[in-house]
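We count ligands from 1, going down the list as the structure has it; atoms in each ligand are counted the same way.
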Amino acid sequence: MPKVLVTGGAGYIGSHTCVELLNAGYEVVVMDNLCNSKAGVLDRIETITGKKPAFIEGDVRDYDAVKRALCGVDGVIHFAGLKAVGESVKKPLLYYDNNLGSTITLLQAMEEMGVNAIVFSSSATVYGDPATVPVKEDFPLSCASPYAYTKYMCERILEGACVANENLSALLLRYFNPIGAHESGIIGEDPNGIPNNLLPYIAKVAVGQLPKLTIFGDDYPTRDGTGVRDYIHVVDLAKGHVLAMDYALTHKGAEAINLGTGSGSSVLEVFHAFERACGRELPYMIGPRREGDVPEYFAETTKAKELLGWVAEKDIDDMCADTWRWQKGNPNGYEE
Ligand code: NAD
Ligand code: WQD
């Protein structure tokens with residue numbers, strides 16, 4: 001079976017993707033500098049799959065280290081990057097350096113080592129505030145933060161590399177809102193400090209580490225006034241990466257593909273689904289809108305189905321039940 005280098009493979013989406021790659025029979029090498037993850041996740045991947053990925057602790061901006069990591073590798077899934085939108089506004093150079101630097105260095109090393117398939121973590125954030133929903137891959141792109149610009153620019157860098165090298169294949173996967181955890185409850189999302197994102201925040205309220213959820217605005221032009229997003233189970237997303245790797249290894253050129261469920265849930269709908277998952281009412285209050293939030297978006301998913309044969313299978317109740325199982329069993333995440 002082919003061998004895949006997974007950059008950022010110790011992180012949230014990367015660790016779930018390692019599980020699905022190993023289950024599908026791929027050989028896996030993880031490269032991660034552990035700036036937002038813990039090495040202990042690799043033992044947990046082994047607990048789930050019976051196989052432990054090879055691990056290189058290192059930075060993807062280190063050209064020589066990446067070249068060594070690419071020995072014998074057939075394709076790369078590139079998750080490594082910084083992802084906090086608010087932090088990117090405060091520290092734009094850190095984000096441009098890390099996210100662009102790692103992608104450029106990786107592509108240079110791939111060219112040198114003759115590796116011609118890459119799957120890249122892009123984001124629905126590249127659509128900005130879309131004029132209509134569902135959002136299609138050919139909609140105009142617009143960026144509202146340095147983080148979004150890094151994803152937009154990496155997409156253009158990868159497209160340019162495919163024009164220059166006709167053997168190269170690059171899949172630009174635009175994730176909507178990944179949530180949930182592996183159904184075993186053994187791996188999940190473990191953000192540092194107070195979470196920025198909705199699901200980890202609700203989970204910490206449910207486990208008693210935060211007093212209540214503040215819902216950012218209930219006066220949006222949506223069905224209940226709260227923001228609507230396309231939440232996608234991280235295991236569905238991980239399976240999409242396995243299919244994307246299969247595709248990248250057998251095709252040439254660049255393709256941008258949405259990975260979402262194709263339907264939206266409001267903040268209140270997600271909150272009530274989480275209450276069902278943990279079996280009790282949870283405290284919340286309505287606060288002001290969060291700057292930069294858009295009212296509503298969800299994905300058009302036809303392209304993922306046609307090119308990859310991928311459709312999301314899990315619903316919002318699965319996502320909340322799995323998040324709760326992980327949070328309840330690991331109240332302090334990967335810390336022992
Ligand atoms: P994460 O922070 O859990 O994982 C990223 C991993 O990359 C971490 O383990 C971190 O230590 C590592 N890393 C960062 N910079 C590195 C570098 N220079 N060299 C080596 N390792 C490095 O984040 P995630 O949620 O798993 O996201 C994975 C990717 O998907 C990111 O590129 C993110 O921007 C993108 N994405 C995430 C979301 C989301 O909501 N989680 C949505 C859309 C896109
Ligand atoms: C979801 C909804 C909030 C927290 C972010 C990034 C995006 C992508 C995915 C990387 C919104 C509301 C949230 C809270 C709330 N990441 N909310 N109270 O903003 O859609 O997307 O993650 O690429 O780029 O921007 O996700 O989970 O922060 O918010 O009411 O405490 O929940 O207003 O409607 P978002 P989120």
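Between Tyr284 and His272, the angle of the ring planes goes over 60°, which puts this pair in the perpendicular group of the 30/60° scheme. Relative orientation of the Tyr247 and His251 rings is parallel, given thresholds of 30° and 60° on the angle between their planes.
Listed by chain and residue number, Arg61 satisfy the side-chain hydrogen bond (donor to acceptor under 3.5 Å, both in side chains) test with Asp97 (two or more places apart in sequence, or in another chain).
Heavy-atom contacts of Tyr297 reach the following atoms of ligand 2: 20 (O) (cutoff under 4.0 Å). Contact atoms of ligand 2 toward Ser123: 10 (C), 23 (O), 24 (O) (distance under 4.0 Å to a heavy atom of the residue). Within ligand 2, counting atoms from 1 as listed, the ones closer than 4.0 Å to a heavy atom of Arg290 are 3 (C), 19 (O), 28 (O), 29 (O), 36 (P). Near Gly227, meaning under 4.0 Å from any of its heavy atoms, are these atoms of ligand 2: 34 (O).
Residues Asp64 and Lys67 are not paired through a salt bridge, judged by the lack of any N-O separation under 4.0 Å between the basic side chain and the carboxylate. Ion pair Arg156/Glu159 flagged as a salt bridge, since at least one NZ, NE, NH1 or NH2 atom sits closer than 4.0 Å to an Asp/Glu carboxylate oxygen.
Here Asn196 has backbone heavy atoms under 4.0 Å from ligand 2, and that is the only part of it that gets that close. With a heavy-atom cut-off of 4.0 Å, Leu213 touches ligand 2 through its side chain alone.
Linking Ile, Leu, Val, Met, Phe, Trp and Tyr residues whenever their side-chain heavy atoms come within less than 4.5 Å places Tyr152 and Phe120 in a single cluster. There is a path of hydrophobic side-chain contacts, each under 4.5 Å, that joins Met153 to Phe139. Note on Trp324 and Leu282: same hydrophobic cluster, where clusters join Ile, Leu, Val, Met, Phe, Trp and Tyr whose side-chain heavy atoms are under 4.5 Å apart, directly or indirectly. Clustering ILVMFWY residues whenever any of their side-chain heavy atoms sit less than 4.5 angstrom apart, transitively, puts Tyr147 in a cluster other than the one holding Leu100. Cluster annotation: Ile232 is connected to Val242 through the hydrophobic network of ILVMFWY side chains, with a link wherever side-chain heavy atoms come within less than 4.5 Å.
Residue, atom and distance of the protein heavy atom nearest to atom 21 (O) of ligand 2 are Asn177 ND2, 3.6 Å. Counting only heavy atoms of the protein, atom 36 (P) of ligand 2 lies nearest to Asn197 ND2, 3.5 Å. For atom 10 (C) of ligand 2, the closest heavy atom belonging to the protein is Tyr147 OH, 3.0 Å. The protein heavy atom nearest to atom 27 (O) of ligand 2 is Leu198 N, 2.8 Å. Of all protein heavy atoms, the one lying nearest to atom 24 (O) of ligand 2 is Thr125 CB, 3.3 Å. At the top of the distance list for atom 12 (C) of ligand 2, counting protein heavy atoms only, stands Val267 CG2, 3.7 Å. Looking at atom 20 (O) of ligand 2, its nearest protein heavy atom turns out to be Arg229 NE, 2.6 Å. The closest protein non-hydrogen atom to atom 25 (O) of ligand 2 is Val85 CG2, 3.4 Å.
Counting heavy atoms only, Phe216 comes closest to atom 14 (C) of ligand 2 of the residues Tyr201, Phe216, Phe176.
The immediate protein surroundings of ligand 1, defined as residues with any heavy atom under 4.0 Å of it, consist of Gly8, Ala10, Gly11, Tyr12, Ile13, Asp32, Asn33, Leu34, Cys35, Asn36, Ser37, Gly58, Asp59, Val60, Arg61, Phe79, Ala80, Gly81, Lys83, Asn98, Ser121, Ser122, Ser123, Tyr147, Lys151, Tyr175, Pro178.
No donor-acceptor distance shorter than 3.5 angstrom exists from the side chain of Asn99 to the backbone of Thr150, with no hydrogens or angles considered.
Close to ligand 2: Tyr231, with a non-hydrogen atom less than 4.0 angstrom away. Heavy atoms of Tyr220 come nearer than 4.0 angstrom to ligand 2 in no pair at all.
For the side-chain hydrogen bond (donor to acceptor under 3.5 Å, both in side chains) test with Asp230, the passing option among Asn177, Asn258, Thr261 is Thr261; the others fail.
Atom CD of Glu137 is surrounded by more than 12 heavy atoms from other residues, nucleotides or ligands within 6.0 Å. Around atom CZ of Phe271, more than 12 heavy atoms belonging to other residues, nucleotides or ligands sit under 6.0 Å away.
Every N/O-N/O distance between Lys83 and ligand 2 stays at or above 3.5 Å. Between Ile215 and ligand 2, not a single N/O pair is under 3.5 Å apart.
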| query | Checking ring-ring contact (aromatic ring centres under 6.0 Å, His included) for the pair Tyr175/His241: CA distance, chi angles, key distance, verdict? | reply | CA-CA 11 Å; Tyr175 316 152; His241 284 75; 5.2 Å; yes

